[in-house]
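Step one of this worksheet: look at the structure below.
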Amino acid sequence: MSEGTLSTVAVEEFVCRLGLLDADVSDAERLRQLAALESLKAAAAAAQARVAVAFDASQRAHQRATGVAAGKVGAGIAEQIALARRESPTRGSCHLGLARALTAELPHTMAALRRGDLSEWRATLVAQATAVLSPADRQEVDRRLAGRLAGLSDRHVRAAAQAVAYELDPRSVAERQAYAASQRRVAIRPAPDAMAYLTALLPVVQAVAVVKC
């Protein structure tokens, strides 16, 4: 470990010390605590992204070195990340995809996350809104959004990213919307107490029509 870096043990000790957060404070101070802890969550998410990308690169290099077939390189990596994050394998894959986008193509969004100006979910919204763009256009959206996202709601973060994405490449955005419409579906899953969840993924016009019926 190089001088000035933070060890895993230090992080683990800090997690334990959070339980000692001063409770005998004013309500104004409690709001400061909440804000600081929210920034801490975002900074931790940024650190997880960096670690996940480094783990992915290391594991891929190891798999290649040990003779894993080219088509199978990368297998199992997202699952290991999911296990470490106590998430499902599907969520692990999503986290790894976000980590790659933030570190490779969305540096300003990554910086905002690291500073605590943006939550992990809002960084995800930016990544989702720009996923259909070329790397160059994605980086341009990221550059234009720099400094604009702090304090915005989920809806406004998504809208801001989508607006710039559409300005740069309207055809790709339109094609994504057409593809999304083709994926409409209805699903049912069990719920507690002899109940069930009925969910539908629909184009907005059809969804509004269903609600009005």
Side-chain angles (χ1 to χ4, degrees), residues 1-2 4-21 30-60 74 76-133 135 137-165:
M1 185 176 68
S2 58
T5 58
L6 190 65
S7 70
T8 304
V9 171
V11 173
E12 292 171 342
E13 290 175 348
F14 179 73
V15 171
C16 293
R17 288 184 57 79
L18 282 175
L20 302 176
L21 187 67
R30 290 186 178 104
L31 290 177
R32 286 186 61 197
Q33 289 176 340
L34 289 172
L37 290 168
E38 193 63 29
S39 294
L40 177 62
K41 285 163 56 179
Q48 283 183 318
R50 293 194 301 273
V51 171
V53 168
F55 179 77
D56 179 50
S58 176
Q59 287 289 298
R60 287 174 179 273
I77 295 175
E79 288 79 2
Q80 292 182 73
I81 291 172
L83 183 62
R85 291 191 54 146
R86 305 180 184 94
E87 299 267 18
S88 69
T90 298
R91 291 294 299 157
S93 181
C94 291
H95 286 309
L96 180 55
L98 175 63
R100 289 171 178 157
L102 288 172
T103 56
E105 297 170 347
L106 300 170
H108 295 289
T109 303
M110 178 65 157
L113 183 64
R114 186 172 58 248
R115 292 192 304 268
D117 293 340
L118 201 66
S119 69
E120 184 179 29
W121 173 241
R122 289 175 184 168
T124 300
L125 294 178
V126 174
Q128 289 175 343
T130 59
V132 297
L133 301 179
D137 282 344
R138 201 176 204 187
Q139 291 168 7
E140 178 62 15
V141 173
D142 179 63
R143 186 190 67 79
R144 294 193 192 184
L145 293 178
R148 292 176 48 194
L149 301 180
L152 295 185
S153 67
D154 291 356
R155 181 169 64 88
H156 287 123
V157 167
R158 187 196 298 272
Q162 288 177 336
V164 181

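With rounding to the nearest 0.5 Å, the separation of CD1 in Ile81 from CG in Leu96 is 4.5 Å. Remark: His108 NE2 to Leu118 CG distance equals 13.5 Å, nearest 0.5 Å. The distance from the CG atom of Leu98 to the CG atom of Leu125 is 10.0 Å, given to the nearest 0.5 Å. With values rounded to the nearest 0.5 angstrom, Arg148 atom CZ is found 15.0 Å from Asp117 atom CG. Going from atom CG of Asp56 over to atom CD of Gln80 covers 10.5 Å, rounded to the nearest 0.5 Å. Atoms CH2 and CD, on Trp121 and Gln128 in that order, are 5.0 Å from each other to the nearest 0.5 Å.
Between Arg100 and Val53, the closest heavy-atom pair is N-CG2, 3.8 Å. Pairing each heavy atom of Gly92 with each of Ala82, the nearest pair is CA-CB, 3.6 Å. Of all the heavy atoms in Leu133 and Arg138, the pair that sits closest is CB-N, 4.0 Å. Here the shortest heavy-atom pairing between Ala99 and Ala49 reads CB-O, 3.5 Å.
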Name the atoms and distances for all side-chain donor-acceptor pairs under 3.5 Å in residues 33-46, with sequence neighbours left out.
unit_1, atom_1, unit_2, atom_2, d
Gln33, NE2, Asp22, O, 2.8
Glu38, OE1, Lys41, NZ, 3.2
Ser39, OG, Ala35, O, 3.3

N/O donor to acceptor pairs below 3.5 angstrom from side-chain atoms of residues 12-21, sequence neighbours left out:
none

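Judged as a side-chain hydrogen bond (donor to acceptor under 3.5 Å, both in side chains), and not counting sequence neighbours, the contacts of Glu120 are Arg85.
Checking His95 against Gln48 by side-chain atom types alone, no donor-acceptor pair falls below 3.5 Å.
Remark: side-chain polar atoms of Arg91 are not paired, donor with acceptor, to backbone N or O of Arg86 under 3.5 angstrom. A donor-acceptor pair under 3.5 Å links the side-chain atoms of Arg122 to the main chain of Leu152, judged by distance alone. Side-chain atoms of Ser153 come within 3.5 Å of backbone N or O of His156 as a donor-acceptor pair.
Put simply, the side chain of Glu105 does not reach to within 4.5 Å of the side chain of Asp142, judged on heavy atoms. Looking only at side-chain heavy atoms (C-beta outward), Val157 and Val126 come within less than 4.5 Å of each other. Taking 4.5 Å as the limit, some side-chain heavy atom of Glu140 sits within range of a side-chain heavy atom of Arg143. Counting heavy atoms from C-beta outward, Leu6 and Val11 have side chains that approach closer than 4.5 Å.
Atom CZ of Arg30 sits in a crowded spot, with more than 12 heavy atoms from other residues, nucleotides or ligands closer than 6.0 Å.
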